[in-house]
Amino acid sequence: MNRKFRYKWMYGWLGVVLLVWTVGISNVQAYPVSNDPLRVKQTYLDDIHMDEGWAQAGDNDEPVIVAVVDTGVDLTHPDLEGRLVPGANLLNPQEKPQDDNGHGTNVAGIIAAKMNNDKGIAGIAPNAKIMPIKALEADGTGGETKLGEGIRYAVDHGAKIVVLSLGLNKYSSFMAGTVRYAEERGVLLVAASGNEGGSVKYPAAYPTVLGVGGMTSARLADDRSNYGPDLDLVAPWHVYTTAKGGGYESKEGTSMAAPQVAGAAALLWGRAPYLEPWQLRELIKQTAEDLESPGWDATTGFGLLRVDRLMKEPLLSDRFEPNDDSGHAPMLPVHTLIHAEFSSGKDTDWFTLDSPYDGFVKLVLKTSDASPVSIRYFRDNKEAEEVFTTDPQNPVVTLPVQKGKSKIAASLLDPGKAGAVLYTLQTDFQIYQDVFEDNDHQYKATSLPARSQTVKGTFHQENDQDWFMISFKKSGTLRLKTSVDTARIDPVVLIQKKGEKSTTFDQFGEGATEATPLMNVTPGDYYIRISNVKDNTQPVMGEYTLSVDYTPKLIDPNEPNNKPYQATTLTLHEDHPGVIESASDLDWFQFRLEQESLVQLKLGSLQRGCDITFTLYDHTLKELDSKSSEGSAENLVLDRRLPAGLYYIKLQSDRAATQQMYQLNAAAQPLVAGFSDIHGHWAEKAIADLASRHVIDGDGSYKFYPDLPITRAQAAVMLANGFRLDKNRPVDYPDLSSSHWAYDSIARTTMAGYMDGYEDGHFRPDQPLTRMEMTQVIANTMQMAGKYRGRSPFLDVSDRYWGVGILKQMSGDGWIRGFPDGTYRPDDQATRAEFAALLSRFSNVFGRKR
């Protein structure tokens, strides 16, 4: 390969060489354009300009090991043959890192699926070798210990890149040390930002990790992609990649975007192995295609991954130039690490900071020759400025910032200095201290008035917790709710009446709202503590909101309802609070069902020590069911299948239950043909038709699961029932025993010629049916041969597709139609509802003719 390099000495204080290169490509033997059969489905490669990137890369690049710390990898996948190196199973070291989930296989294929092997798809980096490291359970869950162990294993066993398509919401010193361990040993970490539409997860949020978000086909940040000052760039959200079991599938999420960046880094590193991890990060961000707001923004970072630019553009010593004045100040995240240059003592570099909250931005600016730097800070674009000077021994400046945009201007303190001086600038944000501080201890609790109110607070320092105190003069009811604006906070609420035991509420997880039940309070002092879970002790960039809902004295809003004719009408699916004033107090309620339904009656927030009885009656006041709390249960639940009609509920207690209000809720799921999950579904009539003809039956759960994929075995049973197939002969499939629950139906459909096995002799009864296979099976019931004249009726079906003839005939005869966008998506999995709809039409028309 013909390569020409220009070298420039830089960063002697870091002991690295920054290589600014140009590459002559006139004699480069480029990677051929992929002709893999499923390349057409890899539209994300077109978005990142992969074909041009391969052309720039050449084909003599050094191999680069990319560690996939995930659920493992399908070690026998044909499109990963020869692409794997030994890895590790950290969950069970005695076993190989075989993928039992599929996620890790998805990631590996994006990076390194073999190109031009007449199989499947093309991976981004033909020079990449995948090191599979199983650190996650089969359900895709895992903790930071195994994650950190996986990173260290990869670093210690020769990986140059570690891709982490997973994340945690909390900062940890352990993980920060692991990230630093990788950086110090020349290993690049690439991580997904997360898919919750909230804060960027760790480790993507650490400054030396490339944090990758997801972009839609409309070239916008996906709404589910996590965002914020820790985001570096985005890559396509939707991919088509290798799947567990040797197949391929469509997947989505930032966990599919991150391996695209890792693959591009491997391709570049194979061509330029002398680069340091920070240089790769800088070049990847430098060459990203700007999206949405100009420059860096919180939703797309520095932009979209562009492999073509990455492979041909030189690494700039300062990618932010020209930024010599306020009008050209690029956006700088408040939590990042950048490399730039002062061209001389007269050069000034301007940046814009966009702070998500009031607080402080800590700047750590280090020059390559320890030159002191002057930093001017401008608030609200005003001319009034503050000037700070860095000390080479302590190059830290802390700026008080307000929410929104502000600007800084940095320059060498010596304006007469000649020659270029490189520098690194690290920014770190610390949120403001809320107005209630110092209230980290109970004896320092901030007093709040005895009324309903809302307060806002922060966890601005390590081990921060906020105490409040309310003095109630009257008895009443109290409910506390704590919501947060970031998943990095998992709120915990504690309440304690002075002199009594405390109660803690932590029912939900990270980013979720915690709410107490409606509680009775009596006169006295109540302490409230708001904190993060004990594992999250670090300061958090985010706010919590505490809502105090206080109502003096308990008043039953349903009285009088002591008689059936006074029964309070329940609104279905809504909580109805009430109070049982005494042992003689009866609370009657009524509700009406317009159709047969599955009904769940729930009586919650029951006062302990009281034996509360919950009785259900029909419209004639005939008792249907009854339950009792027996003094200990906090909730009573009664589930019944009930026909349409009027029903009554009676509540009574063996003593007064006035310390807290109960909550009564009646929820109903309408049943259609015995199923609770098809009411209002587009395929409701077809499913009900099949149920009425006993083609399908429920499994006791009253569920049909219309939107789940249909397996080949399930399809065979429905076909056999729908067409009343009774002729049978033994079938011999190596993966189908005679004891299989669907054996007889599979035998009948095979004899009828409706279904058959695959070329390898297997039937694969539990494999989902594709939309094309579904169409073919239904066509088989009419012995359709297919039409081969005319154009394909669907945009995504070519005239060379194996099933195009059947699709032409079925479409032409009006039996099928595609999606609104003109596609048929033949290789997508067929749903139970789609199969039921086709079968209902065909079996009604043709089944009755047979």
One pair to check against side-chain hydrogen bond (donor to acceptor under 3.5 Å, both in side chains): Glu252 and Asn195. What are the steps and the verdict? CA-CA 10 Å; Glu252 65 177 21; Asn195 306 329; over 6 Å; no

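- No hydrogens or angles considered: a donor-acceptor pair under 3.5 Å links the side chains of Lys650 and Tyr617.
- Distance alone, capped at 3.5 Å, is enough to place a donor-acceptor pair between the Asn721 side chain and the Val695 backbone.
- Proximity of the aromatic rings of Phe842 and Phe723 is defined here by a centroid distance below 6.0 angstrom, and this criterion is not met.
- Judged by distance alone, the side chains of Tyr526 and Glu500 never bring a donor and an acceptor atom under 3.5 Å apart.
- Inspection of the Asp485 and Tyr357 side chains reveals an N or O donor paired with an N or O acceptor under 3.5 Å.
- Between the side chain of Thr71 and the backbone N or O of Ala138, no donor-acceptor pair lies under 3.5 Å.
- A salt bridge is absent between Glu514 and Lys481: the closest approach of a Lys/Arg side-chain nitrogen to an acidic carboxylate oxygen does not fall below 4.0 angstrom.
- Not counting sequence neighbours, the partners of Arg771 by the salt bridge (charged side-chain N to carboxylate O under 4.0 Å, His left out) test are Glu834.
- The residues Arg488 and Glu510 are annotated as not salt-bridged, no charged nitrogen and carboxylate oxygen being separated by less than 4.0 angstrom.
- For the residue pair Asp466/Tyr544, the side-chain donor-acceptor check at 3.5 Å is satisfied.
- For the residue pair Lys170 and Asn536, no side-chain donor N or O sits within less than 3.5 Å of a side-chain acceptor on the partner.
- Annotation: Phe591 is not in aromatic contact with Tyr648 [ring centroid separation under 6.0 Å not met].
- Geometrically, Arg529 does not engage Phe468 in a cation-pi contact defined by less than 6.0 Å to the ring centre and at most 45° from the axis.
- Between Thr615 and Lys627, the side chains place no donor N or O within less than 3.5 Å of an acceptor N or O (distance only, hydrogens not considered).
- Between the side chains of Ser172 and Glu144, at least one donor-acceptor pair of N or O atoms lies under 3.5 Å.
- Evaluation of the side chain to side chain donor-acceptor pair (under 3.5 Å) rule for Lys444 yields Asp438 as partners, not counting sequence neighbours.
- Between the side chain of Thr446 and the main chain of Phe436, a donor-acceptor pair closer than 3.5 Å is present.
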Can you list the steps and then say if Leu769 with Gln714 is a side chain to side chain contact (heavy atoms under 4.5 Å, CB included)? CA-CA 9 Å; Leu769 208 64; Gln714 293 168 344; over 6 Å; no

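- Under a cutoff of 6.0 Å and an axis angle of 45°, Arg832 and Phe704 form a cation-pi pair.
- Counting only N and O atoms by type, the side chains of His103 and Ser255 include a donor and acceptor under 3.5 Å apart.
- Using modelled atom types, one side-chain atom of Gln566 and one backbone atom of Asn562 make a donor-acceptor pair closer than 3.5 Å.
- The backbone N or O of Asn439 sits less than 3.5 Å from a side-chain atom of Glu437, completing a donor-acceptor pair.
- Judged by distance alone, the side chains of Gln496 and Gln442 do bring a donor and an acceptor atom under 3.5 Å apart.
- No hydrogens or angles considered: nothing links the side chains of His681 and Asp677 as a donor-acceptor pair under 3.5 Å.
- No side-chain N or O of Ser483 forms a donor-acceptor pair with one of Thr513 less than 3.5 Å apart.
- A donor-acceptor pair shorter than 3.5 Å can be found between the side chains of Asp639 and Gln600.
- Remark: the His238 side chain and the Asp222 side chain contain no N/O donor-acceptor pair separated by less than 3.5 Å.
- Put simply, the side chain of Ser653 gets close to the backbone of Arg655: a donor and an acceptor are under 3.5 Å apart.
- With hydrogens and angles ignored, the 3.5 Å screen pairs a side-chain donor or acceptor of Asp434 with a backbone N or O of Thr458.
- Between Asp689 and Arg693, at least one side-chain N (NZ, or NE/NH1/NH2) sits under 4.0 Å from a carboxylate O, which counts as a salt bridge.
- There is a side-chain donor-acceptor pair under 3.5 Å between Asn226 and Glu196.
- Using cut-offs of 30° and 60° on the angle between ring planes, the pair Tyr662 and Phe589 is perpendicular.
- Side-chain contact, Asp766 with Thr711: no donor N or O sits under 3.5 Å from an acceptor N or O.
- Although no hydrogens or angles enter the test, the distance criterion places no donor-acceptor pair under 3.5 Å between the side chain of Glu137 and the main chain of Asp139.
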